[in-house]
Amino acid sequence: MQPGKAAILAWEQRWSRPVALATFASILLIVAAIAVATQGVGGGGGESELLRNVDAHRGAQLLSSILQAIGVGLLAVPLYYLFRAAKARSERMRAQFVGIVVAAPLFLAVAAIFTLIVTLHAADEFVSNHVPTLLEKGVGLSSDRADEVATNVVTDAPLRSIVGVLGLVGALSFVFAMIYTSLHAMRSGLLTRFWGALGIALGAISFLPFPPFYLFWFLYFGLLLAGRVPGGKPPAWQSGEAEPWLSPGQKTAAELEQPSDDETPR
C-alpha cells in the first residue's frame with residue numbers, strides 16, 4: 001500500500017468514532033431543540049400569539065436556540081470528514097470547496113443565535129409597548145390587526161437584515177455542501193447509490209420549511225462510521241481508492257463474463 005494511502009486510511013480510522021459521536025450528538029441536539037420549542041414556546045396561531053408565547057417562555061426560547069445552534073454547527077464535522085475522504089479518492093473534487101462545506105453549518109448556527117436575539121427583542125417590544133395600546137383600542141390580541149403589528153415589530157427589529165443574509169447564505173451553502181459531498185462520495189464508492197442519491201435529494205430541499213429530514217441521512221452516516229449498518233462499509237473505505245459502483249448493465253455484463261460451474265476447466 002502506498003504511504004499516502006496508508007496515511008489516509010489511518011486518519012479515517014482514527015477519527016471515524018469521534019466523528020460518529022459528533023454526528024449523533026448533533027442529531028440529538030437538533031431534535032431536542034425542536035421538542036423544547038414545540039412544548040415550551042409552541043407554534044402559535046399567528047405572529048401576535050407567537051411573540052407573546054416567546055415573551056412568556058423566554059427561557060425555553062433561549063434553550064431551544066442554543067441547542068439548535070450547537071447541533072447545526074456540529075454538522076460541519078461529518079460533512080468535512082466525508083468531503084476529505086471523497087477528495088482523497090477523487091481528483092475531480094475541488095479542494096477549495098471544503099471552505100463552503102465547513103462554513104455552511106456554521107453560518108446556520110450563527111443565524112440561529114441572531115434569530116434568537118431578534119425574536120427576544122421583538123417579543124419584549126411587542127408585549128411591553130404594543131399590547132397595552134392594542135388593548136386600549138379594543139383590538140383583540142388574536143386579530144389580524146394584532147398580527148400585522150407583531151409582524152411589523154419583527155421586521156423592524158435590529159439585526160433583522162443580518163439574520164436574513166446569514167440565513168440565506170447558510171441555506172444555499174448547506175444545499176451545495178450536501179449535494180456536492182454526497183455526489184462525489186457516491187461516485188468514489190464511499191456511499192451506496194441509494195444513500196448518495198438520497199443525500200443529494202435531501203440537500204436540494206433542505207432550505208424549504210420542512211422538518212429537517214436530512215437528519216435521517218446523517219443518522220445513517222453516523223451508523224456507517226460506527227460500523228453499525230448491515231453489510232458494513234462499502235469497499236472504498238477499506239481500499240483507500242475509488243470503487244465506483246457498476247451500473248445495472250455493467251453488473252449484468254460482468255456476471256455473464258464469469259464462467260459457470262459447467263464451464264470450469266477440468
Side-chain angles (χ1 to χ4, degrees), residues 19-20 22-34 37 64-65 67-116 118-119 159-225 234 242 245:
V19 172
T23 305
F24 296 143
S26 172
I27 296 170
L28 290 175
L29 289 170
I30 294 174
V31 172
I34 296 173
S64 175
S65 297
L67 292 176
Q68 179 186 356
I70 298 175
V72 172
L74 279 175
L75 291 179
V77 176
L79 283 174
Y80 170 74
Y81 182 91
L82 184 58
F83 182 97
R84 176 165 172 165
K87 178 66 181 72
R89 293 164 176 80
S90 174
E91 296 180 355
R92 300 172 64 181
M93 291 186 71
R94 296 180 179 273
Q96 59 267 33
F97 285 161
V98 69
I100 301 177
V101 171
V102 173
L106 300 182
F107 268 113
L108 293 175
V110 175
I113 297 300
F114 274 89
T115 300
L116 168 66
V118 168
T119 303
L159 305 179
R160 175 66 177 177
S161 59
I162 296 179
V163 170
V165 172
L166 288 173
L168 179 61
V169 172
L172 293 178
S173 299
F174 190 77
V175 169
F176 173 83
M178 285 288 294
I179 293 177
Y180 189 79
T181 305
S182 297
L183 174 63
H184 284 282
M186 178 178 64
R187 286 178 173 176
S188 60
L190 294 172
L191 295 177
T192 64
R193 287 183 180 275
F194 172 81
W195 286 103
L198 183 61
I200 293 171
L202 292 177
I205 65 171
S206 62
F207 67 95
L208 297 175
F210 294 152
F213 294 121
Y214 58 83
L215 292 182
F216 290 106
W217 184 88
F218 281 100
L219 176 61
Y220 162 79
F221 185 63
L223 292 172
L224 177 71
L225 295 183
W245 301 103

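- Taking all atoms of both residues into account, the shortest heavy-atom contact from Gly222 to Ala20 is O-CB, 3.6 Å.
- Counting non-hydrogen atoms of other residues, nucleotides and ligands closer than 6.0 Å to CZ of Phe221 gives a total above 12.
- For the atom pair CG (Leu198) and CZ (Phe213), the distance works out to 11.5 Å, reported to the nearest 0.5 Å.
- With a 4.5 Å cut-off on side-chain heavy atoms, Leu172 and Phe207 do not count as touching.
- One finds the CZ atom of Arg187 at 10.5 Å from the CZ atom of Arg193 (value rounded to the nearest 0.5 Å).
- For the pair Met186 and Ala197, the tightest heavy-atom approach, listed with the atom from each and the gap, is SD-N, 3.8 Å.
- Separation of atoms CD1 (Ile179) and CG (Leu202) is listed at 10.5 Å; rounding is to 0.5 Å.
- In this structure, the side chains of Leu191 and Tyr220 come closer than 4.5 Å at one or more pairs of heavy atoms.
- Side-chain contact between Ile30 and Ser26 is present, with at least one heavy-atom pair separated by less than 4.5 Å.
- Considering only heavy atoms from C-beta on, Leu224 stays 4.5 Å or farther from Trp195 through its side chain.
- Using a 4.5 Å cut-off on side-chain heavy atoms (C-beta onward), Thr181 and Phe176 make no contact.
- Across all non-hydrogen atoms, the minimal contact from Ala76 to Val102 is CB-O, 3.7 Å.
- Of the inter-residue distances, the one linking Leu79 atom CG with Arg84 atom CZ reads 15.0 Å to the nearest 0.5 angstrom.
- Classified by interplanar angle (parallel below 30°, tilted 30° to 60°, perpendicular above 60°), the ring pair Tyr180/Phe97 is perpendicular.
- The distance from atom CG of Leu183 to atom CD1 of Ile200, rounded to the nearest 0.5 Å, is 4.5 Å.
- Interatomic distance, CD1 of Ile100 versus CZ of Arg94, reported as 11.0 Å (0.5 Å rounding).
- The shortest distance between side-chain heavy atoms of Phe174 and Leu75 falls below 4.5 Å.
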Apply the test side chain to side chain contact (heavy atoms under 4.5 Å, CB included) to residues Tyr81 and Leu225: give CA-CA distance (whole Å), side-chain angles for both, the deciding distance (0.1 Å), then the verdict.
-> CA-CA 10 Å; Tyr81 182 91; Leu225 295 183; 3.5 Å; yes

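- By the 4.5 Å heavy-atom criterion applied to side chains, Ile34 and Pro212 are counted as neighbours.
- Between Val175 and Ala204, the shortest heavy-atom distance links the atoms CG1-CA, 4.2 Å.
- Between the side chain of Ser188 and the backbone N or O of His184, at least one donor-acceptor pair lies under 3.5 Å.
- The closest donor-acceptor contact from the side chain of Ser173 to the backbone of Gly170 lies at 3.5 Å or more, if one exists at all.
- Contact of the Leu190 side chain with the Arg89 side chain is registered, since non-hydrogen atoms from C-beta on lie closer than 4.5 Å.
- Residues Leu223 and Phe24 come closest through the heavy atom pair N-CZ, 3.6 Å.
- Across Pro234 and Trp245, no two heavy atoms sit closer than the pair CB-CZ2, 3.8 Å.
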